[in-house]
Amino acid sequence: MRNKFKTHFYLFVCVIAICSCKNKENIKVAEGLKDYTTFPIGTAINIKILMNDAELQKTQKQNFNSITATNDMKMQSIIPTENNYNWKTVDTILNYAETHNQRLFGHNLIWHSSTPEWVIAKAEKDSLWLDSFMKEYITRYVGRYKGKVAAWDVVNEAFESKGGAYRETIWYNKLGKRYIADAFRYAHEADPDAVLFYNDFNIERDTLKLNAMLKIVEEFKAEGVPISGIGFQMHIRMDIPDETIAYALKKAAATGLQIHLSEVDIIFNKHDDTKEGGVETYSTITDEMKKAQGEKYKKLVLMYREIVPKKQQYGITFWDFTDRDTWIRGFFNIQDWPSLYDDNLQPKPAYFGFKEGLEAELKN
Ligand code: XIL
């Protein structure tokens, strides 16, 4: 009798244990995009807006496990005037990332568009100074956040908007094309574990530009320059053919480097990279357009998952994730709706399309 009781008792304990384990599994419900995938899902965001908007923060934490600063980590923000390093905002971003378990992506070290006027003025007079400044800047910055910033866009947009020519920036004009390799070397010396990216736009659609970029990647690999990844900004339009994007992803993935879709957004109107302002054909958005955008987002993530081998998937990062905050409207002076969330911070078909692309079973 006692033995029977014992057996029943143990059975009872086992059932309870199994049930509570199951329940625990159930408790870990998916909250947002980051929970549907193995690679990080990131967003670039203006850190001051994020800090002052509780609703935005809630949605950001739900969906993303990687964060990039839209402007706060660029040279213009870090050293706006000579000898005046400003780390405060970076420390705030880092603290947010660490507190909420998000990867901090460093954007960027060298970019013509964020080179402060005082740097340009000094460099015009003295190329040697520019060389030593670049070394000091990268060494100090990357060194300060060693082990904290997971990856860097080391050089951003070194090629012209169209075609394969080097962009004639102060860096290129004064130091020659070797400034790119040097920047990677300095960054690697300062943090050997950081993942180092070359980042650019239009490389998903302009074969000349793509090839020029791939050429330096191959040169770097042959010379032992420590490059570890390619960043496709992926500021695309609805009418950029998926096949064109797939071709570029395939070529880039063949390098074996990490592939980051680093600044994703999809617009209906046109960017115009040759003059300020874009071309606005659509000034309102219809339900049909929203649906088509959802499909485009779905295809983009499917292509990334199908073409880029798992071990090279560094992640997909959106450049602002709401239409309310998108940089597109201000920068190109056009109306548009490029993001996952709308003006009222509600998820759009773009969000659900992207999520479907993350969840869908792959054919192969
Ligand atoms: C943009 C910011 O979002 C804007 O606020 C700023 O006015 C200009 O820069 N490619 C890049 C990003 O690499 O740094 C740019 O960010 C968008 C294009």
Side-chain angles (χ1 to χ4, degrees), residues 40 42 44-45 47 66-116 118-120 122-123 126-158 169-171 174-175 178-199 216 220-221 223-231 257-258 260 262 314-315 317:
I45 201 153
I47 212 70
S66 179
I67 188 165
T68 306
T70 44
N71 291 313
D72 298 313
M73 289 179 72
K74 292 172 180 170
M75 193 181 277
Q76 181 69 58
S77 309
I78 299 297
I79 187 154
T81 51
E82 195 167 1
N83 296 324
N84 173 23
Y85 277 89
N86 165 29
W87 307 118
K88 218 171 131 225
T89 316
V90 186
D91 292 343
T92 307
I93 305 167
L94 178 62
N95 181 42
Y96 180 89
E98 284 179 339
T99 310
H100 304 297
N101 258 326
Q102 300 190 16
R103 173 178 78 183
L104 179 55
F105 194 101
H107 175 83
N108 51 49
L109 294 173
I110 304 294
W111 185 34
H112 67 281
S113 201
S114 192
T115 307
W118 72 267
V119 171
I120 297 176
K122 278 193 94 153
D126 185 354
S127 313
L128 283 179
W129 174 84
L130 186 64
D131 207 5
S132 59
F133 168 73
M134 181 168 86
K135 182 167 188 186
E136 187 203 308
Y137 179 76
I138 294 179
T139 306
R140 255 175 110 158
Y141 192 4
V142 176
R144 180 180 161 97
Y145 295 101
K146 182 171 186 274
K148 310 263 184 204
V149 172
W152 291 94
D153 285 330
V154 177
V155 176
N156 195 33
E157 304 180 357
T169 66
I170 189 78
W171 305 95
K174 294 291 164 188
L175 306 178
R178 73 168 177 85
Y179 85 90
I180 306 174
D182 285 347
F184 277 89
R185 289 197 184 97
Y186 299 148
H188 183 67
E189 273 162 31
D191 184 355
D193 292 328
V195 185
L196 304 181
F197 282 84
Y198 175 76
N199 193 52
I216 62 161
F220 284 6
K221 281 169 66 188
E223 290 160 14
V225 177
I227 183 168
S228 22
I230 297 172
L257 295 187
Q258 295 294 306
H260 183 208
S262 56
Y314 202 70
T317 298

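Both backbone and side-chain heavy atoms feed into the values below; hydrogens, waters and symmetry mates do not.
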Quick one: side chain to side chain donor-acceptor pair (under 3.5 Å) partners of [X], sequence neighbours excluded?
X: Y96; answer: Q60
X: E157; answer: W111, Q233
X: E189; answer: none
X: K146; answer: none

Closer than 3.5 angstrom, by distance alone: can the side chain of [X] be matched with the main-chain N or O of [Y] as a donor-acceptor pair?
X: S228; Y: L196; result: yes
X: N108; Y: W152; result: no
X: T92; Y: K88; result: yes
X: D126; Y: W129; result: yes

In Å and rounded to the nearest 0.5 Å, what is the [atom1] to [atom2] distance from [X] to [Y]?
X: I120; Y: T169; atom1: CD1; atom2: OG1; answer: 9.0 Å
X: I110; Y: D182; atom1: CD1; atom2: CG; answer: 10.5 Å
X: L130; Y: K174; atom1: CG; atom2: NZ; answer: 9.0 Å
X: I170; Y: S127; atom1: CD1; atom2: OG; answer: 8.0 Å
X: K148; Y: N95; atom1: NZ; atom2: CG; answer: 10.5 Å
X: I230; Y: F197; atom1: CD1; atom2: CZ; answer: 9.0 Å

Can you see which heavy atom on [X] is nearest to which on [Y], and at what distance?
X: P226; Y: H188; value: CG-CB, 3.4 Å
X: S262; Y: G231; value: OG-C, 4.1 Å
X: V154; Y: A187; value: CG2-CB, 4.3 Å

**Prompt:** Going by the salt bridge (charged side-chain N to carboxylate O under 4.0 Å, His left out) test, which pairs reach into residues 133-144, not counting sequence neighbours?
**Reply:** D91-R144, E136-R140
Check residues 72-81 and write down every donor-acceptor pair under 3.5 Å in which the side-chain atom is one partner and the other belongs to a residue at least two apart or another chain.
from : atom 1 : to  : atom 2 : distance (Å)
D72  : OD1    : K48 : NZ     : 3.4
D72  : OD2    : I47 : N      : 3.2
K74  : NZ     : T70 : O      : 2.8
K74  : NZ     : N71 : OD1    : 2.7
S77  : OG     : N71 : O      : 2.8
T81  : OG1    : N84 : ND2    : 2.9

**Item:** Set of residues satisfying side-chain contact (heavy atoms from CB on, under 4.5 Å) with respect to T68, sequence neighbours excluded
**Value:** A44, F105, H107, T317, W319
**Request:** With sequence neighbours excluded, tell me which residues meet side-chain contact (heavy atoms from CB on, under 4.5 Å) with A150.
**Result:** R103, Y314
**Prompt:** Excluding sequence neighbours, so at least two apart, what forms ring-ring contact (aromatic ring centres under 6.0 Å, His included) with Y137?
**Reply:** F133, Y141
**Request:** Test side chain to side chain contact (heavy atoms under 4.5 Å, CB included) on I67 and L104 and set out the steps.
**Result:** CA-CA 5 Å; I67 188 165; L104 179 55; 4.0 Å; yes
**Message:** Set out, in order, the CA-CA distance, both residues' side-chain angles and the distance that settles side chain to side chain contact (heavy atoms under 4.5 Å, CB included) for F220 and F184, then state yes or no.
**Reply:** CA-CA 10 Å; F220 284 6; F184 277 89; 4.1 Å; yes
**Request:** Check salt bridge (Lys or Arg N to Asp or Glu O under 4.0 Å) between D131 and all other residues, then give those that pass, not counting sequence neighbours.
**Result:** R178
**Heavy-atom check, side chain of L109 versus side chain of V155, under 4.5 Å** = no
